[in-house]
Novice: 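Here's a structure for you.
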Amino acid sequence: MLELRAIDKVYESRQGRVTAVEGVSLKLEKGEFCVLLGPSGAGKSTVLRVINGMTQATNGEVSFDGELVTRRNRRSIQNRIGTIHQQFFLVPRLSVLDNVLSGMLPKLGFLRSMLKLFASADRKRACELLGKVELKESQLYQKAGKLSGGQQQRVAIARAFIRNPDLVLADEPVASLDPSTSRGILRLLRGAAHETGATVLCSLHQVDLAHEFADRIVAMRQGKLVFDGKPSELDEAM
Ligand code: ADP
Ligand code: ADP
């Protein structure tokens with residue numbers, strides 16, 4: 001469903017040129033839970049940003065369901081992608097429910113006035129999703145900023161799935177959480193993906209978590225792919 005062909009990304013700044021990603025080619029199949037594994041600085045975030053169009057590759061091509069991503073169709077493809085970040089990026093002063101509904105909107109402008117206009121069907125779906133990520137009904141109208149990190153990330157998962165995305169990109173979603181909370185989050189993310197049929201590409205730096213949750217591991221080091229296979233094959237390769 002997603003294909004990267006020979007992606008390079010070179011950042012240019014006053015400090016000089018940094019080759020963040022070099023020659024990355026990758027095909028994701030529908031419904032796969034793929035972990036992008038690598039240490040900090042390996043280029044994982046850059047790959048995810050190239051896929052969601054936040055940054056442009058220096059060389060190479062991205063296609064989505066066989067369709068080449070171009071400047072012209074980029075927006076419609078972005079609408080089919082949900083994202084989850086290490087820092088959650090909820091709107092702290094909005095309620096949990098409104099944060100999930102905000103996932104329906106392409107931009108955060110006019111958010112408050114728009115949120116009132118959502119149909120009850122959307123609210124129902126948001127509540128259902130929040131139930132699936134195990135938030136209590138009593139938490140739906142709390143301000144998102146009051147929740148713990150693990151709870152905020154569960155809200156962010158619900159937000160990422162509200163538009164029924166074909167692809168969910170998660171950039172180190174558990175890097176700021178403790179190990180047991182991290183496992184809970186990855187379990188919920190995996191469950192949501194399997195239930196909806198969404199493909200997930202999730203970056204991690206912890207090998208043990210990758211082993212535990214991935215259907216497939218793609219490992220990066222210094223901008224390059226160094227492994228692509230089943231978790232059980234990783235140890236022999238590295
Ligand atoms: P990871 O997600 O694996 O930590 P990144 O994709 O964030 O890796 O970074 C890969 C390399 O690119 C690093 O050396 C990083 O410093 C550099 N880099 C990332 N973003 C930028 C940027 N906006 N400008 C310059 N260099 C960057
Ligand atoms: P990263 O995964 O490295 O955070 P993103 O693709 O999420 O990269 O976005 C690039 C930058 O834009 C981030 O480093 C972050 O500072 C900012 N950003 C992205 N999304 C949001 C958001 N919803 N609210 C505030 N800042 C954001």
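When a ligand or atom number is given, it counts from 1 through the structure's own listing order. Please read all numbers here as calculations on a predicted model, not as lab measurements.
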Novice: Between Val18 and ligand 1, is there a nitrogen or oxygen pair with a distance under 3.5 Å?
Specialist: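 N/O-N/O distance under 3.5 Å: no.
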
Novice: For a quick test of reading the model, state the closest non-hydrogen atom pair linking Leu186 to Cys202 and the distance between them.
Specialist: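 Looking at all heavy atoms of both residues, the shortest contact is CD2-SG, 4.1 Å.
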
Novice: Have a look at Val133 and tell me which of Val100, Leu188, Ile185, Val155 forms a side chain to side chain contact (heavy atoms under 4.5 Å, CB included) with it.
Specialist: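 The side chain to side chain contact (heavy atoms under 4.5 Å, CB included) with Val133 is passed solely by Leu188 among Val100, Leu188, Ile185, Val155.
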
Novice: With atoms numbered from 1 as shown, which atoms in ligand 1 lie under 4.0 angstrom from a non-hydrogen atom of Ala42?
Specialist: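 Near Ala42, the atoms of ligand 1 are 1 (P), 3 (O), 8 (O).
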
Novice: Within the structure, does Lys44 bring an N/O atom to less than 3.5 angstrom of an N/O atom in ligand 1?
Specialist: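 Lys44 vs ligand 1: N/O contact under 3.5 Å present.
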
Novice: Taking non-hydrogen atoms only, is Arg49 closer than 4.0 angstrom to ligand 1 via side chain, backbone, both or neither?
Specialist: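 Near ligand 1, Arg49 shows its side chain, while the N, CA, C and O stay back.
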
Novice: Establish, from distance only, whether the side-chain atoms of Glu67 and Asn73 form a donor-acceptor pair under 3.5 Å.
Specialist: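 Glu67 vs Asn73: donor-acceptor pair found between side chains.
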
Novice: Is there a donor in the side chain of Arg93 and an acceptor in the side chain of Asn99, or the other way round, less than 3.5 Å apart?
Specialist: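 Note: Arg93 and Asn99 side chains miss the donor-acceptor criterion.
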
Novice: Identify, by atom number and element, the atoms of ligand 1 in contact range of Ser40, meaning under 4.0 Å from any of its heavy atoms.
Specialist: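 Atoms satisfying the 4.0 Å criterion: 4 (O).
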
Novice: Out of curiosity, is Gly38 lining ligand 1, as in a heavy atom under 4.0 Å away?
Specialist: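 Gly38 does not count as a contact of ligand 1 under the 4.0 Å cut-off.
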
Novice: Which is closest to atom 6 (O) of ligand 1 by heavy-atom distance: Thr46, Val50, Val47?
Specialist: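 Among Thr46, Val50, Val47, the closest heavy atom to atom 6 (O) of ligand 1 belongs to Thr46.
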
Novice: If you measure from each non-hydrogen atom of Pro39 to ligand 1, which part falls under 4.0 Å: side chain, backbone, both or neither?
Specialist: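 Backbone only; the side chain of Pro39 stays clear of ligand 1.
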
Novice: For Glu172 and Ser203, work out which heavy atoms get closest and say how close.
Specialist: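 For Glu172 and Ser203, the tightest heavy-atom pair comes out as N-OG, 2.8 Å.
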
Novice: Side-chain polar contacts of residues 224-231 - donor-acceptor pairs under 3.5 angstrom, sequence neighbours left out - could you list them?
Specialist:
from: Asp228; atom 1: OD1; to: Arg216; atom 2: NE; distance (Å): 2.8
from: Asp228; atom 1: OD1; to: Arg216; atom 2: NH2; distance (Å): 3.4
from: Asp228; atom 1: OD2; to: Arg216; atom 2: NH2; distance (Å): 2.9

Novice: Any heavy atom of Gly41 closer to ligand 1 than 4.0 angstrom?
Specialist: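 Contact check Gly41 vs ligand 1: positive.
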
Novice: Please tabulate, for side-chain N and O atoms in residues 6-20, each donor-acceptor pair with protein atoms closer than 3.5 Å (sequence neighbours left out).
Specialist:
from: Asp8; atom 1: OD1; to: Gly23; atom 2: N; distance (Å): 2.7
from: Asp8; atom 1: OD2; to: Asn59; atom 2: ND2; distance (Å): 3.0
from: Lys9; atom 1: NZ; to: Thr55; atom 2: OG1; distance (Å): 3.1
from: Lys9; atom 1: NZ; to: Gln56; atom 2: O; distance (Å): 2.8
from: Tyr11; atom 1: OH; to: Thr46; atom 2: OG1; distance (Å): 2.9
from: Tyr11; atom 1: OH; to: Arg49; atom 2: NH2; distance (Å): 3.2
from: Glu12; atom 1: OE2; to: Arg17; atom 2: NH1; distance (Å): 3.0
from: Ser13; atom 1: OG; to: Gln15; atom 2: N; distance (Å): 3.3
from: Ser13; atom 1: OG; to: Gln15; atom 2: OE1; distance (Å): 3.2

